[in-house]
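Before any comments, here is the structure.
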Number of protein chains: 2
Amino acid sequence: MIASRARGSLVMVDTREVSVYAGTTVFTRMPGGYRAGSLREIAQRVGMSEAGLLHHFKNKSTLLLAVLDHRDEQSRQIVNFDDADGVETLRALVKLARYNASIPGVIELFCTLSAEATSPSHPAHEYFLRRYEYVRESITVAFRRIADEGRLIREIDPYRAAVATTAMMDGLQVQWLLDPTSTDMADALAEFFRGYVRGYDLDALEQLLDARAAGSLVNGEGAGAVASL
Amino acid sequence: MIASRARGSLVMVDTREVSVYAGTTVFTRMPGGYRAGSLREIAQRVGMSEAGLLHHFKNKSTLLLAVLDHRDEQSRQIVNFDDADGVETLRALVKLARYNASIPGVIELFCTLSAEATSPSHPAHEYFLRRYEYVRESITVAFRRIADEGRLIREIDPYRAAVATTAMMDGLQVQWLLDPTSTDMADALAEFFRGYVRGYDLDALEQLLDARAAGSLVNGEGAGAVASL
DNA sequence: GTCTATAGGAGGATAGAC
DNA sequence: GTCTATCCTCCTATAGAC
């Protein structure tokens with residue numbers, strides 16, 4: 001627990017929670033992100049010593065995982081794969097891509113980290129393995145439903161389509177981060193889906209969802225979390 | 001210059017050149033790659049002191065750029081965008097993807113580095129900016145030719161198709177590095193092209209190119225360089 | 001061109017007091 | 001739960017001799 005003054009009144013704050021926020025800030029800051037971010041700085045932001053911080057997280061990797069888990073928890077409140085189905089899921093992903101363009105720092109963390117975590121010894125390796133499996137599985141289900149509705153433009157294996165979709169999202173992020181003028185991630189993704197799904201563009205429906213999504217994203221507590229998808 | 005014994009005879013080797021090789025080895029080794037790789041180890045591999053190494057490359061970043069430039073020089077000898085045209089270029093990319101699957105270390109370097117280099121202050125930022133522009137431009141030309149031949153399946157802007165292609169290649173790499181069983185990069189890319197190009201699968205032609213490409217890749221001096229594409 | 005020596009710093013982590 | 005003190009490792013880079 002830490003005592004801090006907010007809006008004039010004394011507030012007790014959970015140290016662990018604050019640390020996760022501070023960790024997020026530091027790890028999402030470029031250049032360097034996780035690797036360059038130091039426990040020293042995080043401790044300083046929390047207003048505590050390094051040793052104090054390490055009492056809660058036994059080392060730097062553990063704190064990283066806590067940060068990632070925290071984002072996931074929030075993501076699930078915003079884009080829930082289990083709720084949506086079929087085309088609706090794809091639309092949500094486009095919406096997500098559009099939103100992501102407003103939080104470059106977080107995107108950069110996930111982009112860099114997922115590349116780094118590629119090696120089995122990286123502290124977040126297991127995390128990303130599970131995450132990609134989950135995302136692919138969810139998108140696979142979406143494509144399977146679209147296929148069942150007979151809306152698939154050409155013969156494709158739902159799983160392969162999911163891999164391609166995931167790849168497209170990741171790849172667009174790299175180009176966009178490097179040069180934001182090079183591509184509009186959301187438009188590019190929508191274009192991609194148009195190649196697979198018959199009648200992907202049902203404008204009225206899309207706009208309805210647009211409005212709904214905009215509302216929830218703006219109000220959503222930790223909307224930034226969506227990036228991790 | 002450095003004296004070394006190879007095949008029993010005394011050979012003089014250009015130190016700079018050897019340093020670039022050593023740098024490649026160290027920077028492509030995971031985990032950590034460029035960031036984790038130290039001048040200390042590179043110097044040790046070359047068989048000289050850190051100070052000696054820094055005589056040739058004024059700092060670590062400079063050495064990195066030398067490594068990247070060296071790879072590019074070799075790439076150009078293997079996949080030359082200017083030679084191929086239209087569908088042939090796309091096929092070359094698929095071939096490339098297949099080859100890349102045999103050199104995970106190099107792919108990992110480029111994958112990680114392109115994510116890191118996303119921030120303007122990264123030493124390789126300019127390098128990747130130029131590289132992506134070049135690649136997109138080249139692929140744009142290919143799609144433009146395909147469009148001129150009337151082989152485009154649906155209306156798409158050649159530039160957008162190039163962005164999507166680049167994204168697909170990058171994104172597939174991330175998933176593949178994380179879990180090689182998750183996807184076959186080359187197959188996935190070919191599938192992607194099938195959605196754009198009429199008659200992409202002309203088996204005879206493909207096999208002809210297959211053979212030709214296999215030959216040049218196996219014999220090519222620094223075939224690994226292709227990864228940078 | 002290459003080496004020795006060393007400056008100068010950052011970062012992760014631990015021990016033990018309070 | 002938190003702090004002080006401290007250790008140890010590792011790095012980039014420079015100065016100056018050979």
Side-chain angles (χ1 to χ4, degrees), chain A residues 1-5 10-23 25-67 112-113 116-117 121-124, chain B residues 1-5 10-23 25-27 29-67 112-113 116-117 119 121-124:
Chain A
M1 285 289 208
I2 271 187
S4 86
R5 294 210 157 271
L10 193 63
V11 178
M12 295 310 250
V13 189
D14 179 45
T15 308
R16 218 192 117 87
E17 205 171 309
V18 176
S19 303
V20 170
Y21 279 109
T25 305
V26 172
F27 290 159
T28 57
R29 196 188 44 223
M30 295 294 147
Y34 169 65
R35 251 179 224 284
S38 68
L39 293 179
R40 208 150 282 184
E41 183 185 351
I42 296 170
Q44 197 180 343
R45 277 171 177 272
V46 176
M48 195 164 72
S49 70
E50 291 171 63
L53 182 60
L54 287 169
H55 171 72
H56 295 281
F57 308 92
K58 91 170 196 292
N59 54 34
K60 195 185 177 185
S61 322
T62 308
L63 175 54
L64 171 64
L65 292 180
V67 166
T112 312
L113 220 50
E116 269 182 28
S121 59
H122 192 283
Chain B
M1 285 291 205
I2 271 185
S4 88
R5 293 210 158 268
L10 192 62
V11 178
M12 294 310 253
V13 189
D14 180 43
T15 309
R16 216 192 119 88
E17 206 171 308
V18 176
S19 303
V20 170
Y21 279 110
T25 305
V26 172
F27 290 159
R29 196 188 47 225
M30 296 293 148
Y34 169 66
R35 250 178 224 282
S38 68
L39 293 180
R40 198 158 292 181
E41 185 185 349
I42 296 170
Q44 196 181 343
R45 278 171 175 270
V46 176
M48 100 178 158
S49 70
E50 292 170 61
L53 183 61
L54 287 169
H55 170 73
H56 296 281
F57 309 92
K58 90 171 196 291
N59 54 35
K60 196 184 178 185
S61 320
T62 308
L63 175 54
L64 170 64
L65 292 179
V67 167
T112 312
L113 220 50
E116 270 182 27
S119 40
S121 58
H122 192 282

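Not measured: the values here are computed from a predicted model. All chains are named by letter (A, B, ...) in the order of the sequence lines, taking the proteins before the strands, and each is independently numbered beginning at 1.
The distance from atom CZ of A:Phe57 to atom P of C:dG12 is 15 Å, rounded to the nearest whole Å. One atom, NE2 of A:His56, and another, P of C:dA13, lie 16 Å apart when rounded to the nearest Å. Rounded to an integer number of Å, the gap from B:Lys60 NZ to D:dA13 P is 9 Å. A straight line from CG of B:Leu54 to C1' of D:dA13 spans 7 Å, rounded to a whole angstrom.
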For this session: Let me see the working for B:Leu64 and B:His122 under side chain to side chain contact (heavy atoms under 4.5 Å, CB included), right down to the final yes or no.
Result: CA-CA 11 Å; B:Leu64 170 64; B:His122 192 282; 4.3 Å; yes

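For the atom pair B:His56 NE2 and B:Met48 CE, the distance stands at 4.5 Å (nearest 0.5 Å).
Every residue meeting the side-chain contact (heavy atoms from CB on, under 4.5 Å) condition with B:Leu54, not counting sequence neighbours, appears here in chain and number order: B:Leu39. For A:Ser61, the side-chain contact (heavy atoms from CB on, under 4.5 Å) partners two or more places apart in sequence, or in a different chain, are A:Tyr34, A:Asn59, A:Pro123.
Nearest approach of B:Ala22 to B:Val46, heavy atoms of both residues: CB-CG2, 3.8 Å.
B:Ile42 places none of its side-chain heavy atoms less than 4.5 Å from the side chain of B:Lys60. Taking the side chain as every heavy atom from C-beta outward, A:Phe57 and A:Val20 approach each other to under 4.5 Å.
Applying the salt bridge (Lys or Arg N to Asp or Glu O under 4.0 Å) definition to pairs two or more places apart or across chains, those involving residues 27-46 of chain A are A:Arg29-A:Glu41, A:Arg35-A:Glu116, A:Arg40-A:Glu50, A:Glu41-A:Arg45.
For B:His55, the side-chain atoms get nearest to C:dT2 when compared with the rest of D:dA13, C:dT2, C:dG12.
For the OP1/OP2 pair of C:dT2 and a distance below 4.0 Å, the side-chain nitrogens and oxygens of B:Thr15 include at least one atom meeting the criterion.
Listed by residue number, A:Gly37, A:Ser38, A:Leu39, A:Arg40 are the residues of residues 35-45 of chain A with a heavy-atom contact under 4.0 Å to DNA chain C.
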Just the atom pairs and distances: protein N or O near nucleotides 3-5 of chain C's N or O, under 3.5 Å.
from  : atom 1 : to      : atom 2 : distance (Å)
C:dC3 : OP2    : B:Ser49 : N      : 2.9
C:dC3 : OP2    : B:Ser49 : OG     : 3.0

